[in-house]
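Notes follow once the structure below has been shown.
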Amino acid sequence: MAESDLVGELEAFLAGHQPELIEFRRDLHAHPEIGYAEHRTTRRIALRLQAAGLRPAVLPKGTGLLCDIGGSGDDSPAVALRADIDALPIVDEKNVPYRSLNAGACHACGHDVHTSILLGTGLFLARAAAAGALPGKVRLIFQPAEEVPGGALDVLAAGGISSVDRIFALHCDPRLEVGKIGTRIGPITAACDKVKVQLSGPGGHTARPHLTADLVFALGKVITELPAALSRRIDPRSAISLVWGQVSSGSASNAIPDSGVVEGTLRCLDDSAWHAAPEMLKDVVESVASAYAVTADLTYERSVPPAVNEAVSTGMIAAAADRVLGPPAITPAPQSLGGEDFAWYLESIPGSLFRLGTREPGSVEEFDIHQPMFDVDERCIAVGVKVMAATALTAIGGNHEADSMIADASPADRVGSVHVVRQSVGGVTLAGPLLGGYSPVA
């Protein structure tokens with residue numbers, strides 16, 4: 001599809017469908033469903049795709065779906081576009097007509113926007129396929145349970161990226177104005193794991209700490225020394241961060257307790273540091289336990305790896321945005337220490353996630369994601385459809401314009417594969433949702 005034709009076709013499509021997509025988003029926002037409960041959301045998406053002549057396939061657990069568009073053979077180029085469909089267990093505090101009707105659930109991360117954009121992109125590409133203007137296959141992935149997380153692994157287990165060459169996604173960014181997108185080569189989001197340290201030892205009276213294991217003092221050493229040790233034993237360029245969020249021990253001011261626990265999250269942008277962290281934490285915990293004569297149990301719960309954007313795929317997004325929005329729309333995206341389970345797809349095939357501006361131009365409001373007041377300027381939906389559709393066409397059309405957009409690519413844009421199952425590593429208990437023996441393709 002020629003550049004002028006694509007821009008004109010997208011404008012014509014959105015002139016007729018933008019109100020529908022905004023209404024679809026508002027309906028999802030009013031009826032949010034948390035991870036693995038997205039039954040209504042899945043039905044709404046499936047019915048609209050079926051009405052367009054497509055054949056969506058619901059995932060085995062009953063929420064989320066896949067839908068292929070175009071493709072004439074096994075050797076056709078294929079790309080996947082992914083949107084997450086789940087909401088957060090947060091109360092919606094906005095005073096808007098589409099405020100959440102489901103108590104304790106809210107689309108406070110923009111997944112309703114992601115879903116509406118992918119639906120619109122799919123409808124546009126279906127028209128292109130019917131007109132013979134889609135030179136390959138596009139797979140739509142409406143993924144459940146990103147916030148849990150685990151939904152990405154369900155898609156992978158269901159063969160969701162089989163025969164797919166590349167994958168793309170977007171995420172709302174209230175720091176960017178509508179009409180802007182943010183791209184980044186390399187890590188864009190972080191690994192996000194849970195860490196729990198439980199100490200135990202003989203308690204006693206605070207007047208005689210020498211006759212006890214001074215457990216609260218030892219717990220304080222764990223709290224301060226684990227983050228400090230990581231900052232010295234792992235390359236600081238890994239951007240590793242261990243922050244505690246909960247600590248509990250004791251019930252009386254004059255009694256030394258016999259147990260205590262501290263829990264927090266470890267976040268990291270570097271894959272090798274992510275793998276090294278459990279063993280390193282184990283060493284420090286054992287050192288503290290030995291010094292203060294307490295027994296320590298470390299539980300390290302894997303969540304998601306860093307999301308590492310591949311250079312060529314990122315260049316394709318930039319080339320597509322340049323094509324349909326113009327060069328001023330593209331801005332560098334900062335790294336985030338938030339987690340994103342799109343990372344699991346990127347462990348298996350090349351791909352990239354970009355940031356979509358959702359802030360009203362000139363607005364002084366500073367809404368962040370995961371907040372009860374989160375909302376978007378809904379003009380961002382049309383921008384997202386334009387970029388996602390153009391990215392898909394760029395990727396399957398052999399458009400080499402992307403090559404000029406990756407001049408600043410890092411030589412280490414891809415990381416190795418990861419195989420995580422329930423196991424014990426050097427005495428550290430590894431737990432989490434990754435227990436099915438799934439092994440990403442290198």
Side-chain angles (χ1 to χ4, degrees), residues 1-25 44-57 65-83 114-142 160-170 181 313 315-326 329 351 354 356 379-402:
M1 188 179 293
E3 181 173 338
S4 59
D5 292 343
L6 175 59
V7 174
E9 289 287 341
L10 280 166
E11 292 292 349
F13 170 81
L14 289 166
H17 288 80
Q18 187 172 4
E20 175 195 0
L21 296 176
I22 290 174
E23 182 56 35
F24 193 90
R25 179 257 166 172
R44 293 277 287 120
I45 299 165
L47 287 171
R48 185 61 186 93
L49 293 173
Q50 289 168 350
L54 298 171
R55 300 178 62 185
L65 58 85
L66 309 176
C67 185
D68 287 348
I69 304 172
S72 56
D74 292 338
D75 58 347
S76 299
V79 300
L81 307 177
R82 173 269 206 173
H114 305 170
T115 300
S116 302
I117 288 171
L118 187 57
L119 175 65
T121 302
L123 297 178
F124 176 79
L125 293 174
R127 286 177 39 162
L134 194 65
K137 179 173 70 178
V138 177
R139 176 166 295 163
L140 309 180
I141 299 175
F142 291 91
I161 60 171
S162 62
S163 72
V164 170
D165 303 310
R166 295 183 187 277
I167 188 166
F168 300 94
L170 58 78
I181 71 157
S313 299
M316 289 176 174
I317 293 171
D322 178 79
R323 188 177 180 187
V324 297
L325 301 179
F354 68 92
L356 176 74
R379 289 174 292 182
C380 69
I381 294 174
V383 176
V385 170
K386 289 178 182 179
V387 178
M388 286 292 266
T391 297
L393 291 167
T394 298
I396 63 177
N399 189 321
H400 298 294
E401 186 180 350

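Minimum interatomic distance between Leu170 and His114 (heavy atoms only, all atoms of both residues): CD1-CD2, 3.5 Å. Of all the heavy atoms in Gly136 and Ile396, the pair that sits closest is N-CD1, 3.8 Å. Closest non-hydrogen pair, Thr115 versus Phe142, comes out as O-CE2, 3.7 Å. Between Ile117 and Cys380 the shortest heavy-atom distance is CD1-O, 4.0 Å. Counting all heavy atoms, side chain and backbone alike, Gln18 lies closest to Arg379 at NE2-CA, 4.2 Å. Across every non-hydrogen atom of Ala392 and Val138, the tightest pair is CB-CG2, 4.1 Å.
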> Can Lys386 and Arg323 be said to form a side-chain contact (heavy atoms from CB on, under 4.5 Å), step by step?
Replying inline: CA-CA 9 Å; Lys386 289 178 182 179; Arg323 188 177 180 187; over 6 Å; no
>> side-chain contact (heavy atoms from CB on, under 4.5 Å), that's the test. Do Ile45 and Leu140 meet it? Break it down for me.
In response: CA-CA 11 Å; Ile45 299 165; Leu140 309 180; over 6 Å; no
>> Run Phe124 and His17 through side-chain contact (heavy atoms from CB on, under 4.5 Å) and show every step you take.
In response: CA-CA 9 Å; Phe124 176 79; His17 288 80; over 6 Å; no
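How far CD1 of Ile381 is from CZ of Phe24: 10.5 Å, rounded to the nearest 0.5 Å. Note that OG1 of Thr121 and CG of Leu10 are 8.5 Å apart. Values are rounded to the nearest 0.5 Å. If you take CG on Leu119 and CD on Glu20, they are separated by 7.0 Å, rounding to the nearest 0.5 Å. Summarising the geometry, atom CG belonging to Leu66 is positioned 8.5 Å from atom OG belonging to Ser162; distances are rounded to the nearest 0.5 Å. Rounding to the nearest 0.5 angstrom, the gap separating the CE atom in Met316 from the CZ atom in Arg166 is 4.0 Å.
Within the 4.5 Å cutoff, side-chain heavy atoms of Leu81 are placed close to those of Leu125. A 4.5 Å side-chain heavy-atom check between Ile141 and Ile161 finds at least one atom pair inside the cut-off. Side-chain contact between Leu47 and Gln50 is present, with heavy atoms from C-beta onward closer than 4.5 Å. The side-chain heavy atoms of Leu393 and Leu134, taken from C-beta on, include a pair separated by under 4.5 Å. Contact check for Val387 versus Leu356: no side-chain heavy atoms found under the 4.5 Å cut-off. Contact annotation: the side chain of Thr394 never approaches that of Phe168 to less than 4.5 Å [non-hydrogen atoms, C-beta and beyond]. Inter-residue side-chain proximity for Leu123 and Arg48 is flagged as met; some heavy-atom pair is nearer than 4.5 Å.
Checked by atom type and distance alone, the side chain of Arg139 never pairs as donor or acceptor with a backbone atom of Ala78 at under 3.5 Å.
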